[in-house]
Amino acid sequence: MSQFDEVIPRLGTNSEKWDGAETLFGKKDIIPMWVADMDFKAPEAVLNAFEKRIQHGIFGYTKSEASMTKAVIEWNKTRHDFLIDPSAILFNSAVVPSISLAVRALTKPSDKVLMHSPIYPPFFKVTGNETKREVVLSPLKFTGTRLEMDFADMEQKLATNDIKLFLLCNPQNPGGISWKKEELTKLVDLCERYNVPIVSDEIHADLVVKHLVHTPLVKAAPHYKNQIITLMAPTKTFNLAALKVSYLIIDNPEYRAKFNELQQYVHSPGINEFGQIALEAAYNEGSAWLDELRDYIYGNFEYVKEELRKNCPEIGVTELEATYLMWLDARKLKKDEAALYQDIIDAGCGVQMGSGFGAVADKFIRLNIACPRETLQKGVQALIAGIQK
């Protein structure tokens with residue numbers, strides 16, 4: 001039995017995923033398979049580090065320790081063969097606020113920002129609604145089992161829209177894609193041709209399936225590193241989202257100064273004490289936990305894929321290369337997206353529909369499979385019942 005088989009009730013813990021499900025879906029007793037957190041306990045090393053700190057009992061102002069930077073450097077060197085200059089690291093509360101920082105630091109209101117679609121919805125929010133930049137989308141092509149970049153479309157958008165920034169999701173959310181080195185290199189070549197900096201959200205870097213490797217954008221194109229800002233965190237990897245700890249890798253000293261200035265302006269530099277503790281414990285002692293987790297998630301993927309093959313062969317399944325999020329193609333169904341969504345909810349499963357992820361995503365489904373197999377089986381049977389209704 002795996003440690004990840006343990007079902008830990010989350011209702012009553014102020015969980016957005018579970019306690020917020022009734023409000024979101026309008027139904028009690030639903031299996032929530034939507035927002036991207038896991039139903040797994042954090043590594044024992046993290047819990048033990050928390051307990052030790054709690055026993056001390058004093059929680060005054062803290063400072064960022066050099067040991068946190070060292071943990072970041074060693075983790076990325078070991079897991080991704082990614083060598084990071086310690087002076088390039090800035091810490092921030094979370095990746096989405098870091099995207100907002102990047103947009104504010106590198107562009108001005110009304111500037112155009114290019115990104116793929118479908119993509120994680122906060123990319124739209126922090127670029128359009130919050131910072132008043134213009135979002136330009138380059139739709140990804142769905143090949144049947146994988147999302148792929150449309151380089152001709154990307155170049156057309158870069159050539160004709162006066163793009164000031166490119167936002168990349170690497171690995172890709174919601175498609176679960178681990179971009180290949182040659183894909184990333186070609187993307188950088190296009191951005192370099194039009195002198196466009198790139199922000200690469202790599203929060204899912206550690207969740208690439210074992211037969212593949214994550215390629216950091218800077219590693220794919222080191223010659224362009226002064227125009228690349230990399231965003232990373234231990235929070236998706238180790239299920240620590242509530243602790244608000246992430247970091248940016250900014251090799252360009254002028255860009256780094258701009259980010260520092262913005263952080264000081266909003267009084268947000270530094271990481272809370274338990275975020276620091278969690279990052280260090282997870283990165284220093286969490287490798288074995290993560291390796292088991294990746295095996296478990298891929299086993300969940302294979303279970304869902306087989307259940308859909310047997311019961312809903314009309315549903316296309318994107319192969320899982322990274323993340324714990326499945327991207328399902330329901331376009332062959334006769335009912336529209338709104339009807340499909342309601343049928344799935346009525347059957348007892350809470351999901352996110354593709355239209356929320358931007359253009360070309362209508363009638364796709366994003367499914368979070370990071371849960372114990374017992375929970376997964378209940379949720380998937382409800383999903384299938386809703387599809388078949």
Side-chain angles (χ1 to χ4, degrees), residues 1-8 10 17 31-48 71 74-82 145-147 169-180 202-216 232-241 278-279 281-310 317-328 351 366-381 383:
M1 179 177 176
S2 169
Q3 63 178 306
F4 302 111
D5 283 323
E6 182 183 4
V7 177
I8 304 172
R10 296 184 65 189
K17 182 178 182 180
I31 303 296
M33 304 182 76
W34 62 291
V35 68
D37 74 8
M38 300 189 279
D39 293 327
F40 303 133
K41 187 183 295 185
E44 283 298 316
V46 174
L47 303 181
N48 291 339
E74 290 301 315
W75 176 262
N76 281 282
K77 178 181 177 181
T78 301
R79 300 294 298 200
H80 308 302
D81 192 27
F82 182 24
T145 59
R146 193 176 193 270
L147 292 170
C169 201
N170 173 39
Q172 210 276 339
N173 172 11
I177 302 303
S178 175
W179 296 120
K180 300 172 186 176
E202 304 191 12
I203 194 171
H204 290 279
D206 300 319
L207 295 168
V208 169
V209 300
K210 280 190 173 180
H211 60 275
L212 299 172
V213 296
H214 171 67
T215 302
M232 305 183 90
T235 48
K236 281 286 184 284
T237 308
F238 297 102
N239 206 29
L240 304 169
L279 182 149
Y283 277 177
N284 291 336
E285 303 178 63
S287 284
W289 183 94
L290 175 58
D291 289 340
E292 184 180 345
L293 171 76
R294 292 195 299 165
D295 284 340
Y296 194 90
I297 288 172
Y298 199 75
N300 279 357
F301 165 73
E302 290 183 314
Y303 167 80
V304 178
K305 182 179 177 181
E306 178 62 15
E307 288 298 302
L308 290 173
R309 184 194 67 79
K310 290 188 300 185
V317 178
T318 306
E319 285 298 316
L320 187 69
E321 298 178 357
T323 80
Y324 46 77
L325 304 164
M326 291 184 67
W327 189 237
L328 308 177
V351 298
R366 192 183 82 161
L367 188 74
N368 179 349
I369 59 171
C371 56
R373 191 66 52 83
E374 179 183 329
T375 304
L376 183 74
Q377 289 169 345
K378 293 176 182 177
V380 169
Q381 293 313 307
L383 173 70

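Model, not experiment: these values are computed from the prediction.
Taking CG from N76 and CD from E74, the interatomic distance works out to 10.0 Å, rounded to the nearest 0.5 Å. Note that CG of N368 is 12.5 Å distant from CD1 of I31, once rounded to the nearest 0.5 Å. Rounded to the nearest 0.5 Å, atoms OG1 (T145) and CD (E321) are 8.5 Å apart. Remark: F301 CZ to T318 OG1 distance equals 8.5 Å, nearest 0.5 Å. Put simply, CG on N300 and CG on L376 are 4.5 Å apart, with the number rounded to the nearest 0.5 Å.
Scanning all heavy atoms of the two residues, the minimum distance from P234 to L240 falls at O-CD1, 4.1 Å. Across G175 and L147, no two heavy atoms sit closer than the pair CA-CD1, 3.6 Å. The minimum heavy-atom distance linking S178 with P171 is given by the pair CA-CB, 4.4 Å. Here the closest non-hydrogen pair linking A42 and L47 is O-CD1, 3.9 Å. The heavy-atom pair separating E307 from Q381 by the smallest distance is OE1-NE2, 3.2 Å. Here the closest heavy-atom approach between residue N284 and residue A71 is recorded as OD1-CB, 3.7 Å.
Of the possible polar contacts, none joining the W75 side chain to the S287 backbone as a donor-acceptor pair under 3.5 Å is found. Remark: side-chain polar atoms of D39 are not paired, donor with acceptor, to backbone N or O of V7 under 3.5 angstrom. Side-chain atoms of N170 come within 3.5 Å of backbone N or O of T215 as a donor-acceptor pair. A donor-acceptor pair under 3.5 Å is formed between the side chain of N239 and the backbone N or O of F40. Put simply, the side chain of K17 gets close to the backbone of D37: a donor and an acceptor are under 3.5 Å apart. At distances below 3.5 Å, not a single donor-acceptor pair connects side-chain atoms of R294 with backbone N or O atoms of L207.
At a threshold of 4.5 Å between non-hydrogen side-chain atoms, the residues M38 and L293 count as touching. L279 places none of its side-chain heavy atoms less than 4.5 Å from the side chain of F238. With a 4.5 Å cut-off on side-chain heavy atoms, S2 and E292 count as touching. Side-chain contact between Y303 and I369: absent, with no pair of heavy atoms (C-beta onward) separated by less than 4.5 Å. By the 4.5 Å heavy-atom criterion applied to side chains, I203 and N173 are not counted as neighbours. Residues E285 and E44 fail the side-chain proximity criterion, which asks for heavy atoms closer than 4.5 Å. Using a 4.5 Å heavy-atom cutoff, the side chains of M33 and T375 are not in contact.
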Determine whether V351 and L328 satisfy the following criterion, side chain to side chain contact (heavy atoms under 4.5 Å, CB included), listing intermediate values before the conclusion.
CA-CA 11 Å; V351 298; L328 308 177; over 6 Å; no
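Remark: E306 engages R309 in a salt bridge (Lys or Arg N to Asp or Glu O under 4.0 Å) (not counting sequence neighbours).
Under the side-chain contact (heavy atoms from CB on, under 4.5 Å) test applied with W327, the options R146, R366, E319, Q172 reduce to a single match, R366. Partner D206 forms a side chain to side chain donor-acceptor pair (under 3.5 Å) with one of K236, H80, H214, R79 and no other, that one being H80.
Between F4 and W289, the distance separating the two ring centers is shorter than 6.0 angstrom.
Ring geometry, Y324 versus H204: the interplanar angle exceeds 60°, so the pair is classed perpendicular (tilted spans 30 to 60°).
Looking at R373 and D5, no side-chain N of the basic residue comes within less than 4.0 Å of a carboxylate O on the acidic one, giving no salt bridge.
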